[in-house]
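Input: a single structure, listed below in structure tokens.
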Amino acid sequence: RCSMSDLTPLGDKIIVKQDLSDAVSPGGIVFVRQDELAQGIVVAIGPNVDEVSVGERVMYSPHAGQKFKTDDGEVTAIVFQDLFGVLDPA
């Protein structure tokens, strides 16, 4: 495992930490519907990505990219083209 501070994505890759806040039951069970777009917070971007910034909330296919574990939790590495959009802050 690595720490997010040690990881720099290459090219047009983006590292996203999935936001499961709406999908967790009071008992701690995670419900993720596979037919809905995933939402997450951008935690790192590659040098060829200029349309999103670290900290922005984005939507992407739940099947996109590669999930892996870091010391900071599970994240997904996706290609910029797999993003559907940036969500406005609430």
Side-chain angles (χ1 to χ4, degrees):
R1 288 189 188 177
C2 67
S3 172
M4 282 307 303
S5 61
D6 297 332
L7 180 62
T8 302
L10 300 175
D12 63 348
K13 306 296 187 292
I14 298 171
I15 309 294
V16 177
K17 184 163 187 158
Q18 188 171 5
D19 181 9
L20 298 174
S21 60
D22 295 336
V24 179
S25 75
I29 298 172
V30 177
F31 298 99
V32 178
R33 291 186 50 175
Q34 294 299 314
D35 60 341
E36 292 184 358
L37 293 176
Q39 295 181 21
I41 304 297
V42 176
V43 294
I45 59 173
N48 298 342
V49 177
D50 57 4
E51 294 184 46
V52 296
S53 301
V54 171
E56 287 188 303
R57 188 177 170 101
V58 295
M59 293 182 74
Y60 57 97
S61 168
H63 306 291
Q66 177 65 45
K67 291 179 176 26
F68 62 97
K69 294 184 187 282
T70 69
D71 292 340
D72 306 311
E74 185 174 279
V75 295
T76 305
I78 61 176
V79 178
F80 173 76
Q81 286 80 8
D82 288 338
L83 291 182
F84 287 97
V86 176
L87 296 167
D88 290 330

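This is a predicted model, so every value here is computed, not measured.
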field: Verify same cluster id: V52, Y60 (apolar side-chain graph, 4.5 Å)
entry: yes
- request: Identify the heavy atoms of V43 and V54 that sit nearest to each other, and give their distance.
  value: O-CG1, 3.9 Å
message: Hydrophobic clusters here meaning ILVMFWY residues chained together by side-chain heavy-atom distances under 4.5 Å, can you tell me if M59 and V42 are in one?
response: no
- prompt: Do other residues, nucleotides or ligands put more than 12 heavy atoms under 6.0 Å from Q66 CD?
  reply: no
- prompt: Where is the tightest heavy-atom contact between G73 and K17, given as atom of each residue plus distance?
  reply: CA-NZ, 4.1 Å
query: Side chains of V75 and V16: closer than 4.5 Å at any heavy-atom pair?
result: no
message: Measuring from atom NZ of K67 to atom CD1 of I78, what distance do you get when rounded to the nearest 0.5 angstrom?
response: 9.5 Å
Value rounded to 0.5 Å, distance of CG in N48 from NZ in K13: 9.0 Å
Which atom of P62 lies closest to which atom of L37, heavy atoms considered: CD-CA, 4.2 Å
Side-chain heavy-atom pair F68, L7 within 4.5 angstrom cut-off: yes
message: Using side-chain heavy atoms (C-beta onward) and a distance below 4.5 Å, is Q81 in contact with D12?
response: yes
message: If you compare all heavy atoms of P9 against all heavy atoms of I15, which two are closest, and at what distance to 0.1 Å?
response: CG-CG1, 3.5 Å
field: Validation row: F84, Q39 side chains within 4.5 angstrom (heavy atoms)
entry: no
Side-chain touch L87/V58, heavy atoms, less than 4.5 angstrom: no
- request: State, to 0.1 Å, how close E51 and E56 come at their nearest heavy-atom pair, and which atoms those are.
  value: O-OE1, 4.3 Å
